[in-house]
Amino acid sequence: MDTRVRMMRTWVWVALGLQLGCGGGVGSRDLDGDGHPAELDCDDANPAVWRSVTAWADTDGDGFGEGGPSARCVGDTTKGWTQQGGDCAPLDATRWRSVSGLYPDADGDGATGAGPVTGCVGDSLLGYREQADPPDCDDGDATVSALAQAWADADLDGVGAGDAITWCPSQGRAPPQGYVLTSGDCAPRDARFWQELPFTSRDEDGDGFTVARQGTVCAGSSLPAGYATVSGPADCDDHNARRTARVERWWDPDGDGYGDGSPMLRCEAPEESTPGETFQGGDCAPGDSSRWRPLAYASRDADGDGYLSPATGEVCSGYWLPLGYSQAVRNEDCDDGNRALFHAWSVHADADGDGVGAGVATSICGTATVPTGYSTQATDCAPQDATVWRMLGFTRRDADGDTYTVAQTGELCAGTALPAGYATQPLSGEDCDDTNAAALRNVTAWADTDGDGVGAGASTVLCTNGQVPSPWSASGTDCDAQDATRWQDLSAAHADRDGDGFTAPIPTQTFCTGKTLPTPYFSQAVGNDCDDADANRYRWTYLYRDQDADGVGATPRQMTCLGPAVLAGWSRYGDDADDGDAAVQTDEAAEEELSLILDL
């Protein structure tokens with residue numbers, strides 16, 4: 001009710017203010033104080049301007065404006081305007097007038113561009129001339145005016161050829177792409193050659209041997225391959241690179257490439273020869289094409305069994321020594337007079353036939369396999385037992401057979417692997433008692449005297465099958481070792497002492513208890529009980545005193561602790577205009593005043 005009244009009163013004052021502010025007026029006056037009455041002043045809010053003129057915008061301040069004229073309000077000190085238009089360079093104060101019949105000379109080098117033209121100038125004709133002078137190929141570069149020549153360089157070797165073109169070399173520009181300043185390329189399509197050079201020696205077939213010949217050839221920085229000014233070794237045939245100097249040939253009747261007798265001179269390549277001739281003499285078997293030279297040997301096979309023994313000498317051979325000879329020292333045959341025996345064995349007696357022998361070594365000349373009853377090894381630790389033959393080390397022992405081991409180092413005679421009970425690494429784990437298969441792992445335990453599953457007191461170590469036995473526990477946190485209903489500490493920060501289902505905060509307390517806190521304690525809040533001593537009251541709310549019992553109270557309000565229902569004589573509403581009369585709840589006079597205000 002109070003809020004509505006305040007809003008209506010505010011609207012009344014706003015309406016009255018609007019009515020008081022309407023109407024009225026002032027006579028003519030000089031608002032900006034510049035001495036010019038408002039009706040004659042074109043801007044009576046600015047004392048610096050007062051008269052209206054037709055003017056042009058003068059951006060560069062040269063006294064000539066650009067664009068079209070417009071009405072402007074100015075004073076004695078107003079800048080940026082002029083009463084004369086026609087500025088041809090609105091942003092350049094040095095130029096304002098247009099002059100026709102001129103010739104451009106922007107770089108001032110005396111040479112002119114195409115003309116005549118109309119130029120924008122100032123007091124002088126800077127950048128122009130009244131008469132045409134020699135043509136300028138670049139009027140932006142005073143260092144150059146005449147055109148230059150260049151020649152096409154198709155092979156990009158720096159020397160051009162063909163007809164010249166002209167271009168303007170201003171600003172230090174190089175000739176156009178593909179053109180150079182030098183002409184006379186003798187090979188316009190080959191970048192390797194561009195000039196004629198003289199030569200006195202020729203190697204036409206490129207074999208490094210030359211013949212005397214003079215002339216010129218199109219070249220690069222030096223003579224091309226095959227031309228020189230210095231003679232090389234004389235060539236007997238300059239059209240065939242394989243034929244250079246005359247070579248010796250021998251008569252080769254057996255065709256093995258090695259000849260016999262005196263040599264003959266031929267102009268031929270190394271691989272060429274007249275049928276029946278060769279380039280190498282000294283054939284040790286002129287009638288046998290498979291042999292032609294003596295080769296030294298260091299081993300041979302006298303009995304023909306394919307195994308060689310050391311021996312030295314020479315034998316007439318071909319490319320290689322014949323079968324049964326070798327240049328390497330090979331001691332493969334222990335009896336080179338007997339084809340059945342060739343391999344020398346150093347073996348040991350193998351009495352139990354397990355493949356490993358024992359005792360001193362014996363030398364036997366035999367075949368490619370170990371002689372029966374012998375072995376190349378002498379490490380049998382049990383010469384009479386075929387199941388074991390070597391010493392194996394162990395670092396772990398499992399005496400009770402539970403697969404849990406203890407550290408123990410030793411060595412024993414074994415076969416392919418260590419026997420059961422021995423190992424080189426832990427198996428299932430470390431054994432706490434290797435004499436008892438039922439006890440294999442240490443566990444930490446606490447005495448559980450009340451049988452609630454949680455122990456207390458000092459811990460102890462038990463050697464078991466991995467489980468904690470009764471009456472022990474794997475946990476030692478029992479807060480009451482004599483009471484099986486309590487074993488853990490729980491903290492309470494809330495209580496419901498009146499049993500209404502709503503809690504109130506309390507100082508934090510710790511209780512030795514079972515699975516849950518004892519009544520009436522809670523670790524988490526349930527509601528917010530405003531009176532934990534009265535089960536009928538558990539919540540806070542604002543109420544207004546209702547003295548006429550009409551269901552609507554009046555201010556002031558009061559914070560009250562109550563249960564599910566509102567207390568008698570109180571109401572949750574507080575806008576009763578007359579709390580002494582149950583028939584009146586609104587202020588009629590205030591309502592009428594508000595209606596009148598709104599009608600204004």
Side-chain angles (χ1 to χ4, degrees), residues 88-89 91-92 94-206 210-232:
C88 58
L91 301 180
D92 186 351
T94 66
R95 297 182 298 133
W96 60 84
R97 62 191 180 103
S98 295
V99 177
S100 60
L102 300 178
Y103 295 85
D105 182 14
D107 55 12
D109 60 0
T112 58
V117 297
T118 297
C120 184
V121 298
D123 292 330
S124 69
L125 297 179
L126 182 65
Y128 298 91
R129 290 183 178 272
E130 292 181 321
Q131 301 294 327
D133 286 307
D136 197 336
C137 67
D138 186 345
D139 201 26
D141 186 351
T143 64
V144 65
S145 60
L147 295 171
Q149 286 187 321
W151 289 266
D153 182 15
D155 53 9
L156 303 179
D157 58 6
V159 181
D163 295 331
I165 65 166
T166 58
W167 99 103
C168 189
S170 59
Q171 305 296 328
R173 289 197 299 268
Q177 181 73 25
Y179 287 84
V180 295
L181 302 179
T182 304
S183 65
D185 195 337
C186 58
R189 298 294 177 179
D190 191 338
R192 299 172 301 167
F193 310 115
W194 60 85
Q195 62 179 339
E196 293 284 345
L197 292 180
F199 65 90
T200 59
S201 182
R202 185 76 170 95
D203 178 14
E204 186 175 345
D205 55 12
T210 64
V211 295
R213 188 177 301 170
Q214 293 185 347
T216 61
V217 64
C218 188
S221 58
S222 60
L223 285 169
Y227 298 87
T229 56
V230 178
S231 298

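This chain uses plain numbering: 1 for the first residue, then up along the sequence.
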Is the backbone of [Y] close enough, under 3.5 Å, to the side chain of [X] for a donor and an acceptor to pair up by distance?
X: T112; Y: D133; value: yes
X: R202; Y: G226; value: yes
X: R213; Y: S201; value: no
X: Q195; Y: G220; value: yes
X: T216; Y: E196; value: no

Nearest heavy atoms of [X] and [Y], plus distance in Å:
X: P116; Y: Y103; answer: N-CE2, 3.7 Å
X: I165; Y: P176; answer: CD1-CG, 4.1 Å
X: V121; Y: Y128; answer: CG1-CD1, 3.8 Å
X: V117; Y: P104; answer: CG2-CD, 3.9 Å
X: P175; Y: L181; answer: CG-CD2, 3.6 Å
X: D157; Y: D190; answer: OD2-O, 3.7 Å

In this structure, OG of S183 is separated from CG of D163 (nearest 0.5 Å) by 11.0 Å
Rounded to the nearest 0.5 Å, the OH atom of Y227 sits from the OG1 atom of T200 at a distance of 13.0 Å
| query | Got a sec: does the CG of L125 have more than 12 other heavy atoms crowding it under 6.0 Å? | reply | yes
- Should we count OH of Y179 as having more than 12 external heavy atoms under 6.0 Å? no
| said: Between R129 and L102, does the side chain to side chain contact (heavy atoms under 4.5 Å, CB included) criterion hold? Intermediate values first, please. | reply: CA-CA 6 Å; R129 290 183 178 272; L102 300 178; over 6 Å; no
Are D123 and W96 side-chain neighbours, meaning at least one heavy-atom pair lies under 4.5 Å? yes
